[in-house]
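The basis for the numbers below is simple: all heavy atoms, side chains too, and nothing from hydrogens, waters or symmetry mates. Remember, it's a predicted structure, so these values are computed and weren't measured experimentally. Letters A, B, ... mirror the listed sequences (proteins, then strands); counts begin at 1.
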Number of protein chains: 2
Amino acid sequence: MGYSNALQTRAWHAQAFGKPCANCGIRSIGICAALEPGELERLHRIVKETRFAEGQSIFSEGDPAESLFNVLSGAVRLVKLLPDGRRQVTGFLMPGAFLGIALNSTYAYSAEAILDTKLCRFGRREIEGLLKDLPHLEHRLLGEAANELVAAQDQMLLLGRKTAKERLASFLVCLSRNAKRHGFPDNPVALPMSRTDIADFLGLTTETVSRTFTRLRQAKVVALEGNAMVRLLDRRALDDLIAGGDEEA
Amino acid sequence: MGYSNALQTRAWHAQAFGKPCANCGIRSIGICAALEPGELERLHRIVKETRFAEGQSIFSEGDPAESLFNVLSGAVRLVKLLPDGRRQVTGFLMPGAFLGIALNSTYAYSAEAILDTKLCRFGRREIEGLLKDLPHLEHRLLGEAANELVAAQDQMLLLGRKTAKERLASFLVCLSRNAKRHGFPDNPVALPMSRTDIADFLGLTTETVSRTFTRLRQAKVVALEGNAMVRLLDRRALDDLIAGGDEEA
DNA sequence: CGGTAATTTGAGCCATTTCAAACTGTGTGG
DNA sequence: CCACACAGTTTGAAATGGCTCAAATTACCG
């Protein structure tokens with residue numbers, strides 16, 4: 001998932017731009033961590049850095065899947081649409097995340113930049129060649145896919161069975177955990193995505209997300225600091241909500 | 001996803017039991033399809049066939065992930081629970097499916113046999129050794145994971161944004177497609193799982209699933225043939241519901 | 001400091017849930 | 001082979017959480 005605020009955004013943008021992969025600031029997080037210097041060199045030859053402005057589409061559901069990406073900086077949302085416009089956000093990607101693991105012939109979802117975003121782009125053909133020679137890389141990719149699968153199942157539980165309050169609490173804690181894991185501040189947590197994005201991720205409406213924020217605020221469980229930043233005040237209450245035992249706050 | 005009825009159940013149970021992997025009836029579907037005869041021999045040495053009776057637990061969420069499985073016959077449901085008993089079924093597995101791709105230290109969900117079920121069991125350690133030597137296998141596994149990821153995203157869209165009628169229609173068509181793909185009858189489609197399982201998979205209650213079946217039946221879109229078998233009558237109407245454009249039926 | 005989009009708040013409504021009761025199919029024992 | 005019994009399913013009626021539509025605020029940006 002992605003994050004943002006003045007400070008964090010600056011940090012993200014400071015990361016490798018135009019440098020060879022060996023110096024990539026994201027390397028220790030991304031799949032490239034699996035590679036030796038020589039292999040990195042080879043990877044670097046097939047990589048091309050690309051920028052997307054806030055709101056720009058990276059690729060659309062149904063497009064031929066010609067590229068895979070590594071998020072260098074910024075944030076990305078993955079979106080699925082129904083013909084009548086109903087929208088489901090299936091995930092938020094932060095720096096270090098891999099985009100396009102599903103090596104199918106077409107993309108199963110659209111990807112859009114939430115912030116100004118830099119990506120490493122790999123040609124699909126080239127990656128497949130690389131994977132043949134570098135089993136580490138494939139192994140790492142499989143690990144990545146496995147993690148995404150676990151996250152997807154958690155999300156199914158959330159969408160199928162949790163209340164609005166529980167969904168928002170789960171979301172905020174998840175955001176905070178990820179921020180920490182990636183070295184960003186984890187308590188006032190940044191929310192780079194709009195309320196609509198959050199709603200479409202949690203299977204709710206914007207109005208419900210907003211009302212739920214208000215209720216959590218009134219219960220002193222969280223505090224909003226501006227619109228794109230939340231402070232988690234009562235971790236215990238949040239954890240209770242996430243587990244989903246019984247109500248109280 | 002799984003299926004059942006007298007005929008189909010018989011077919012499943014007729015498949016390889018105690019035979020070496022080379023003769024495994026499921027091989028062309030499962031991950032083993034990626035292997036050469038010599039490699040299969042090696043696989044066979046680390047495999048152990050296991051049976052689970054209907055309703056039996058194969059493993060539970062949180063258990064150390066010591067085994068991976070291949071479904072030979074029967075059907076399996078994957079379940080996540082909240083402490084207060086709310087339940088989400090995250091998937092149904094049919095013969096040929098792979099169970100436990102997430103190579104994490106503990107299982108992220110429980111697996112339970114819906115029918116009497118036979119599985120190939122692989123030790124985790126052994127599989128990891130095998131993967132080191134057989135890149136094909138890892139590649140195949142990655143492909144499998146990618147497919148599951150796509151299915152998971154579709155399910156998020158369903159859980160987050162579809163109506164009860166659309167959810168049930170999507171489920172039935174998906175079931176039918178899978179049956180066809182696996183060589184089972186795809187029009188009267190078998191439903192080996194209970195209404196409760198369906199409800200917990202679709203994020204609904206049993207009552208709503210039942211009422212929705214009734215509405216689809218009254219609209220002559222489907223016909224129930226016994227409780228564990230549905231005939232899809234109006235494919236067009238089903239497809240419209242799945243796409244989720246606008247209502248009518 | 002104003003303009004504009006995003007967010008929040010309000011009021012009424014509706015799809016789905018909940019709680020409760022009737023039904024039905026399936027498998028069993030007589 | 002049939003009647004019975006029970007679990008699973010269906011139906012009914014009332015309650016409700018989240019949605020819809022609409023308006024008021026607020027935050028952000030130039």
Does B/N227 put a side-chain nitrogen or oxygen below 4.0 Å from OP1 or OP2 of D/dA7? no
Please check the phosphate of C/dT9 (OP1 and OP2 only) for any side-chain N or O of A/T214 closer than 4.0 Å. yes
Taking the nucleotide of DNA chain D with the nearest heavy atom to each, does A/L204 or B/R211 sit closer to the 5' end?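 In this pair, the answer is B/R211.
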For A/E225 and for A/T205, locate the closest nucleotide of DNA chain D by heavy-atom distance; then report the residue assigned to the nucleotide nearer the 5' terminus.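 Per heavy-atom nearest nucleotide, the more 5' residue is A/T205.
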Spacing of [X] atom [atom1] relative to [N] atom [atom2], expressed in whole Å:
X: B/R215; N: D/dT10; atom1: CZ; atom2: P; value: 14 Å
X: B/F213; N: D/dT9; atom1: CZ; atom2: C1'; value: 11 Å
X: B/R217; N: D/dT10; atom1: CZ; atom2: P; value: 7 Å
X: A/E207; N: D/dT20; atom1: CD; atom2: C1'; value: 7 Å
X: B/I114; N: D/dG8; atom1: CD1; atom2: C1'; value: 15 Å
X: A/K165; N: D/dT16; atom1: NZ; atom2: P; value: 16 Å
X: B/L115; N: C/dT26; atom1: CG; atom2: C1'; value: 16 Å
X: A/Q218; N: C/dT8; atom1: CD; atom2: P; value: 12 Å

One pair to check against side chain to side chain contact (heavy atoms under 4.5 Å, CB included): B/V222 and B/L232. What are the steps and the verdict? CA-CA 5 Å; B/V222 306; B/L232 310 186; 4.2 Å; yes
Identify whether the distance between the nearest side-chain nitrogen and carboxylate oxygen of B/E61 and B/K80 falls below 4.0 Å.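 So B/E61 pairs with B/K80 through a salt bridge.
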Carboxylate-amine/guanidinium proximity below 4.0 Å for B/R161 and A/D200: yes
Please tell me which of A/R195 and A/R161 maps to the more 5' nucleotide of DNA chain C, matching each residue to the nucleotide holding its nearest heavy atom.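 Looking at the nearest nucleotide for each, A/R195 comes out on the 5' side.
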Worked verdict on A/F69 versus A/F98 for ring pair (Phe, Tyr, Trp, His ring centres under 6.0 Å): CA-CA 6 Å; A/F69 303 85; A/F98 197 77; 9.0 Å; no
Using a heavy-atom cut-off of 4.0 Å across all strands, would you classify B/L224 as base, sugar-phosphate, or nothing?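 Touches sugar-phosphate only.
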What is the nucleic acid contact for B/T208, judged by heavy atoms within less than 4.0 Å: base, sugar-phosphate only, or nothing? base
Looking at every heavy atom in both A/A145 and B/A145, which two are closest together, and how far apart are they?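 Minimum heavy-atom contact is CB-CB, 4.0 Å.
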